[in-house]
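Have a look at the structure below before the remarks.
Start at 1 and go down the list; that is how both ligands and their atoms are numbered. In what follows, every heavy atom counts, from backbone to side chain, and hydrogens, waters and symmetry copies are set aside.
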Amino acid sequence: MKITVVGAGAVGASCAEYIAMKNFASEVVLLDIKEGYAEGKAMDLMQTASLNGFDTKITGSTSDYSKTAGSDIAVITSGIPRKPGMTREELIGINAGIVKTVSSSLIEHSPNVILIVVSNPMDTMTYLVHKTTGLPKHKIIGMGGALDSARFKYRLAEALEAPISDVDGMVIGGHSDKGMVPLIGHATRNSVKVSEFLAENRMQQVVEDTKVGGATLTKLLGTSAWYAPGAAVSGLVQAIACDQKKMFPCSTLLEGEYGLEDLCIGVPVLLGRNGIEKVVEIELSDAEKAKMQESAEGVKKTNGLLQF
Ligand SMILES: NC(=O)C1=CN([C@@H]2O[C@H](COP(=O)(O)OP(=O)(O)OC[C@H]3O[C@@H](n4cnc5c(N)ncnc54)[C@H](O)[C@@H]3O)[C@@H](O)[C@H]2O)C=CC1
Ligand SMILES: O=C([O-])CC(=O)C(=O)O
């Protein structure tokens with residue numbers, strides 16, 4: 001299994017590290033536009049192999065896509081991150097051009113590749129890849145919901161004063177400060193609804209803290225986060241590489257599911273060897289449906305800024 005990660009920055013390197021640590025891939029190629037940067041990160045990571053006990057071979061490349069040839073899965077993290085006070089949507093001007101060029105170069109050298117889009121604004125970048133590459137929709141996956149759900153579980157565990165392994169929950173909708181839809185009504189502690197333990201205002205606090213999870217970290221770090229994003233991507237890559245049929249919320253092209261069409265937005269999907277193997281339609285309450293509709297309108301507004 002050959003995996004390429006484009007962008008050897010904070011998220012790309014973290015993602016490559018987690019993939020290698022899980023030891024399921026034979027090869028990870030890191031590619032970056034900055035001269036020598038991906039090669040340096042690859043060498044540094046390889047020097048952790050004997051310490052951390054993995055056999056995955058990590059190599060680096062400066063803009064040479066021939067080194068990525070025959071990749072089964074490629075992750076796109078190239079582009080600029082936001083700074084404190086910015087929204088993800090403000091990154092569209094620079095990142096759209098980068099994502100368009102990178103996705104076409106990847107497909108040229110790996111026509112059968114499955115693409116995982118990370119660069120922000122992620123739902124719109126995923127839609128751009130659909131509009132410009134001609135790859136089938138099950139091979140284009142946007143990563144956002146897996147990360148947002150991990151942050152939701154972190155906030156739920158905090159509120160419940162419970163171990164994170166005790167809680168379960170999912171975030172659907174757009175990967176944006178306003179558009180995320182944390183499904184608090186479905187969240188559980190050991191299969192018991194969290195509403196059994198938490199007051200309404202505490203649950204609302206969990207929802208609000210989850211939605212601004214990325215912005216909170218950006219304010220603290222001066223740039224956006226990378227450990228949880230890298231771990232979330234590695235989970236998606238592993239589900240595909242190991243044909244796990246695992247369920248994650250991912251951004252995918254909707255064609256009527258959830259009453260939505262002609263956009264990419266986060267909904268639960270099953271991930272396996274073929275990429276997105278099924279969009280899972282769960283029953284939403286009227287309030288959740290309305291939030292999903294509002295989120296979709298936000299994503300479509302950002303999509304409207306794209307120039308193909
Ligand atoms: N979808 C999600 O859940 C998340 C998305 N992100 C997004 O991921 C992106 C990357 O974030 P970081 O890694 O923190 O940024 P970073 O600045 O640390 O790394 C980005 C890398 O992309 C490289 N790059 C730029 N143009 C390129 C090109 N044309 N070809 C190859 N490489 C190129 C840069 O040289 C840099 O090394 C940002 O857009 C950020 O907003 C970050 C976290 C979570
Ligand atoms: O917040 C950001 O800009 C990066 C990101 O998407 C996240 O960490 O959720």
Side-chain angles (χ1 to χ4, degrees), residues 4-17 29-42 60-65 67-68 74-106 115-126 128-129 141-152 154 171 173-180 209-236 248-251 264-266:
T4 288
V5 179
V6 181
V11 177
S14 162
C15 159
E17 182 177 15
V29 179
L30 265 176
L31 183 144
D32 203 283
I33 201 169
K34 264 191 262 172
E35 189 66 42
Y37 195 61
E39 289 85 341
K41 289 270 182 120
S61 160
T62 304
S63 301
D64 178 2
Y65 280 87
K67 302 247 174 74
T68 72
V75 180
I76 303 178
T77 75
S78 45
I80 54 163
R82 62 173 159 167
K83 298 229 176 308
M86 289 174 75
T87 65
R88 297 177 180 87
E89 288 77 4
E90 286 175 72
L91 305 173
I92 191 172
I94 294 179
N95 287 355
I98 294 174
V99 169
K100 192 171 168 188
T101 316
V102 165
S103 52
S104 100
S105 304
L106 283 168
L115 291 182
I116 300 179
V117 181
V118 181
S119 311
N120 274 314
M122 180 279 294
D123 297 291
T124 295
M125 294 301 101
T126 309
L128 173 71
V129 172
I141 305 163
M143 194 295 289
L147 169 64
D148 302 331
S149 300
R151 289 181 176 149
F152 186 34
Y154 165 81
V171 178
H175 181 61
S176 67
D177 298 340
K178 294 204 174 110
M180 280 176 216
D209 288 346
T210 301
K211 288 171 75 172
V212 295
T216 302
L217 285 161
T218 303
K219 195 169 167 205
L220 290 168
L221 296 166
T223 183
S224 55
W226 55 88
Y227 293 121
V233 179
S234 78
L236 267 50
F248 291 94
C250 291
S251 191
C264 294
I265 194 165

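Remark: among candidates Pro229, Ala8, Ser224, Ala146, the nearest residue to atom 44 (C) of ligand 1 is Pro229, based on non-hydrogen atoms. Among Val75, Ile98, Asp123, Ile76, the residue whose heavy atom lies closest to atom 29 (N) of ligand 1 is Ile98. Compare Ser78, Gly79, Gly7 by their heavy atoms: the one nearest to atom 20 (C) of ligand 1 is in Gly79.
From the protein, the heavy atom lying nearest to atom 37 (O) of ligand 1 is Asp32 OD2, 2.7 Å. The protein heavy atom nearest to atom 14 (O) of ligand 1 is Ala10 CB, 3.6 Å. The shortest contact between atom 2 (C) of ligand 2 and any protein heavy atom is with Arg82 NE, 3.2 Å. Here the protein heavy atom with the shortest distance to atom 5 (C) of ligand 1 is Val118 O, 3.0 Å. Nearest protein heavy-atom contact of atom 1 (N) of ligand 1 is Met143 O, 2.8 Å. Among all protein heavy atoms, the one lying closest to atom 10 (C) of ligand 1 is Thr77 O, 3.0 Å. Regarding atom 42 (C) of ligand 1, its nearest protein heavy-atom neighbour is Val11 CG2, 3.6 Å. Closest to atom 32 (N) of ligand 1, if we only count protein heavy atoms, is Ile33 N, 3.4 Å. Closest protein heavy atom to atom 19 (O) of ligand 1: Gly9 CA, 3.3 Å.
For Lys41 (side chain) and Ala8 (main-chain N/O), a donor-acceptor pair under 3.5 Å exists by modelled atom type. Checking side-chain atoms of Asn120 against main-chain N and O of Pro81 turns up no donor-acceptor pair under 3.5 Å. In this structure a side-chain-to-backbone donor-acceptor pair under 3.5 Å is present from Ser149 to Val171. When atom types are taken as modelled, the side chain of Ser14 and the backbone of Ala10 share no donor-acceptor pair closer than 3.5 angstrom. No donor-acceptor distance shorter than 3.5 angstrom exists from the side chain of Asp32 to the backbone of Ala38, with no hydrogens or angles considered.
Contacts with ligand 1 closer than 4.0 Å are made by side-chain heavy atoms of Leu147 only, the backbone lying farther away. Contacts between Thr223 and ligand 1, counted as non-hydrogen atom pairs separated by less than 4.0 Å, are absent for every part of the residue. Of the heavy atoms in Leu91, only side-chain atoms (C-beta onward) come closer than 4.0 Å to ligand 1. Residue-level proximity to ligand 1 for Asn95 is carried by the side chain, the only part with a heavy atom below 4.0 angstrom. Heavy atoms of Ala225 found under 4.0 angstrom from ligand 1 belong exclusively to the backbone. Contacts with ligand 1 closer than 4.0 Å are made by heavy atoms of both the backbone and the side chain of Pro81. At a heavy-atom cutoff of 4.0 Å, ligand 2 is contacted by the side chain of His175 but not by its backbone. Contacts between His175 and ligand 1, counted as non-hydrogen atom pairs separated by less than 4.0 Å, involve the side chain only. Residue contacts with ligand 2, taken as heavy atom pairs separated by less than 4.0 Å, involve Asn120 solely via side-chain atoms from C-beta onward.
Interface of Val6 with ligand 1, defined as ligand atoms under 4.0 Å from a residue heavy atom, comprises 31 (C). The ligand atoms of ligand 1 that sit less than 4.0 angstrom from a heavy atom of Ile80 are 38 (C), 39 (O), 41 (O). Near Asn120, meaning under 4.0 Å from one of its heavy atoms, ligand 1 places the atoms 4 (C), 5 (C), 6 (N), 7 (C), 39 (O), 40 (C), 41 (O). Heavy-atom contacts of Leu147 reach the following atoms of ligand 2: 7 (C), 8 (O), 9 (O) (cutoff under 4.0 Å). Every atom of ligand 2 is numbered from 1 in the order shown, and the set under 4.0 Å from a heavy atom of Arg88 is 1 (O), 2 (C), 3 (O), 5 (C), 6 (O), 7 (C), 9 (O).
Note that OG1 of Thr126 and CD1 of Ile141 are 9.5 Å apart. Values are rounded to the nearest 0.5 Å. To the nearest 0.5 angstrom, His175 atom NE2 is 13.5 Å from Lys211 atom NZ. Summarising the geometry, atom CD1 belonging to Ile76 is positioned 9.5 Å from atom OG belonging to Ser105; distances are rounded to the nearest 0.5 Å. In this structure, the separation between OG1 on Thr124 and CG on Leu91 is 11.0 Å, given to the nearest 0.5 Å. Summarising the geometry, atom OG1 belonging to Thr77 is positioned 11.5 Å from atom CD1 belonging to Ile116; distances are rounded to the nearest 0.5 Å. To the nearest 0.5 Å, the span separating OG1 on Thr62 from CG on Leu31 amounts to 7.5 Å.
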Inset, instruction - Evaluate the criterion side-chain contact (heavy atoms from CB on, under 4.5 Å) for residue pair Leu115 and Ser103; output intermediate values, then yes/no. - result: CA-CA 8 Å; Leu115 291 182; Ser103 52; 4.0 Å; yes

Inset, instruction - Let me see the working for Leu236 and Cys250 under side-chain contact (heavy atoms from CB on, under 4.5 Å), right down to the final yes or no. - result: CA-CA 9 Å; Leu236 267 50; Cys250 291; 4.0 Å; yes

Inset, instruction - Could you walk me through whether Ser78 and Ile33 pass the side-chain contact (heavy atoms from CB on, under 4.5 Å) test, one step at a time? - result: CA-CA 9 Å; Ser78 45; Ile33 201 169; over 6 Å; no

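Looking at Asp177 and Arg88, a side-chain N of the basic residue comes within less than 4.0 Å of a carboxylate O on the acidic one, giving a salt bridge.
Assignment of Arg151 to the shell around ligand 2 is supported, since a heavy atom sits closer than 4.0 Å. By the 4.0 Å heavy-atom criterion, Trp226 is excluded from the residues contacting ligand 1.
Summarising the local packing, CG of Leu221 is surrounded by more than 12 heavy atoms from other residues, nucleotides or ligands at distances under 6.0 Å.
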